[in-house]
Protein chains: 2
Amino acid sequence: MVTTTARDSDLASALVQTMHRLQDLHAETSRPLGLTPQQAHLLCVLITGPLGMTELSRILSIERSSLTSMVDRLERRDLVARVANPADRRACRIELTAAGKDLAHQCHDAVVDRIQEMTADLPASARGTLITALQSILTR
Amino acid sequence: MVTTTARDSDLASALVQTMHRLQDLHAETSRPLGLTPQQAHLLCVLITGPLGMTELSRILSIERSSLTSMVDRLERRDLVARVANPADRRACRIELTAAGKDLAHQCHDAVVDRIQEMTADLPASARGTLITALQSILTR
DNA sequence: TATTGTTATACTCTATAACTATA
DNA sequence: TATAGTTATAGAGTATAACAATA
């Protein structure tokens with residue numbers, strides 16, 4: 001058998017706890033802006049530009065049919081718009097409206113600010129190691 | 001103004017991406033076990049022992065009324081049980097049944113295994129730094 | 001035929017407000 | 001009065017299956 005040290009599960013456990021803590025933080029920052037965490041995520045993903053339904057559903061890890069109703073609700077609130085795709089008449093592109101763009105940036109900034117507060121007193125060296133380690137984890 | 005280096009938002013961004021990756025992983029491991037991620041979380045929280053509704057709702061960051069229906073569904077499936085609390089007749093304790101305990105451990109192990117795979121080739125030094133850094137973040 | 005997106009349907013998750021029973 | 005938990009209600013998130021339109 002492969003030797004398993006206490007550290008292995010410590011790390012897994014710390015990562016799981018961090019995930020839950022960040023999920024809570026995400027919910028707490030979305031709510032005062034009138035958004036569910038899922039809506040906030042959707043808006044933030046669109047900051048870098050419009051996306052088709054299929055691509056968006058892949059990024060958010062939800063079925064296209066689930067996405068349809070989410071986009072319906074956000075469109076009713078004029079936060080996103082379905083725009084025709086001239087290159088493919090089946091497809092559409094979801095893009096942020098001006099109000100949606102504003103809200104997306106508020107969300108994004110609020111989360112980043114809170115995380116920066118939480119990580120403020122990490123030494124620069126730990127910070128560097130952390131970024132590298134997380135990026136390495138994300139590729140697997 | 002306080003100087004903000006590129007690294008600050010890199011770290012925040014890496015943490016947010018890690019959160020989403022772990023959320024997906026959590027969903028992927030719960031599903032084949034017939035559980036939603038929220039149900040899996042609830043069961044895993046009970047591994048260390050029974051809890052009252054109020055305490056459980058605090059840990060899961062959901063309203064007590066939302067918890068009531070979650071527990072209803074899990075109780076119908078014989079995964080948890082409401083047990084009377086002799087010390088306070090208003091209160092009850094939610095505990096895992098034998099089947100619930102089994103499933104909770106399967107969930108927990110599956111997630112830990114996947115995370116250990118993802119972190120397997122981190123050098124021991126990075127691993128140590130990562131644990132310390134995450135624990136420090138979690139206290140803020 | 002395959003792909004894009006939607007509709008219909010059924011559950012689950014979640015919050016708010018009002019409530020019962022007990023402390 | 002305060003606390004533990006529930007009920008009623010409404011809205012949001014999600015998946016599956018079946019579908020229309022276009023590629």
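Only a predicted model underlies this, so the values are computations on that prediction, with no experimental measurement involved. Letters A, B, ... mirror the listed sequences (proteins, then strands); counts begin at 1.
Chaining together hydrophobic side chains whose heavy atoms lie under 4.5 Å apart leaves Leu138(A) on its own. If you chain together ILVMFWY residues whose side-chain heavy atoms come under 4.5 Å of each other, Leu51(B) ends up grouped with Leu33(B), Leu35(B), Leu42(B), Leu43(B), Val45(B), Leu46(B), Ile47(B), Met53(B), Leu56(B), Ile59(B), Leu60(B), Ile62(B), Leu67(B), Met70(B), Val71(B), Leu74(B), Leu79(B), Val80(B), Ile94(B), Leu96(B), Leu103(B).
Mapped onto DNA chain D by nearest heavy atom, Pro86(A) and Ser61(A) fall at different nucleotides, with Ser61(A) at the one closer to the 5' end.
Side chains of Gln135(A) and Thr139(A): a donor-acceptor N/O pair is absent below 3.5 angstrom, by distance only.
Not a single side chain to side chain donor-acceptor pair (under 3.5 Å) links Thr18(A) to another residue, sequence neighbours left out. Qualifying side chain to side chain donor-acceptor pair (under 3.5 Å) partners for Arg21(B), counting only residues two or more places apart in sequence or in other chains: none. Taking the side chain to side chain donor-acceptor pair (under 3.5 Å) definition, one finds that Arg82(B) meets it with Asp72(B), Glu75(B), sequence neighbours left out.
For the atom pair Gln116(B) CD and Arg114(B) CZ, the distance stands at 11.5 Å (nearest 0.5 Å).
Within the structure, side-chain hydrogen bond (donor to acceptor under 3.5 Å, both in side chains) contacts touching residues 87-96 of chain B (residues at least two apart or in different chains) are Asp88(B)-Arg90(B). Each side-chain hydrogen bond (donor to acceptor under 3.5 Å, both in side chains) pair with one or both residues in residues 51-70 of chain A, not counting sequence neighbours, appears once here: Ser61(A)-Asp24(B). Each side-chain hydrogen bond (donor to acceptor under 3.5 Å, both in side chains) pair with one or both residues in residues 97-109 of chain A, not counting sequence neighbours, appears once here: Asp102(A)-Gln106(A).
Using a 4.0 Å cutoff on non-hydrogen atoms, no part of residues 97-104 of chain B comes near DNA chain D. Within residues 15-40 of chain B, the residues having any heavy atom under 4.0 Å from DNA chain C are, by residue number, Thr36(B), Gln38(B), Gln39(B).
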The contact string for nucleotides 3-11 of chain D, one letter per nucleotide 5' to 3', using protein heavy atoms under 4.0 Å with B, S and - for base, sugar-phosphate only and none, comes out as BBBBB----
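Taking all atoms of both residues into account, the shortest heavy-atom contact from Leu130(B) to Ala133(A) is CD2-CB, 4.0 Å. Among all heavy-atom pairs drawn from Ser30(B) and Ala40(B), the shortest one is OG-CB, 3.5 Å.
Between Met70(A) atom CE and dA15(D) atom C1' the separation is 14 Å, expressed in whole Å.
Under a 3.5 Å cut-off, the side chain of Ser136(A) and the backbone N or O of Thr132(A) do not form any donor-acceptor pair.
Bounding nucleotides for the chain B contact on DNA chain C, 5' to 3', at a heavy-atom distance below 4.0 Å, are dT12(C) to dA23(C).
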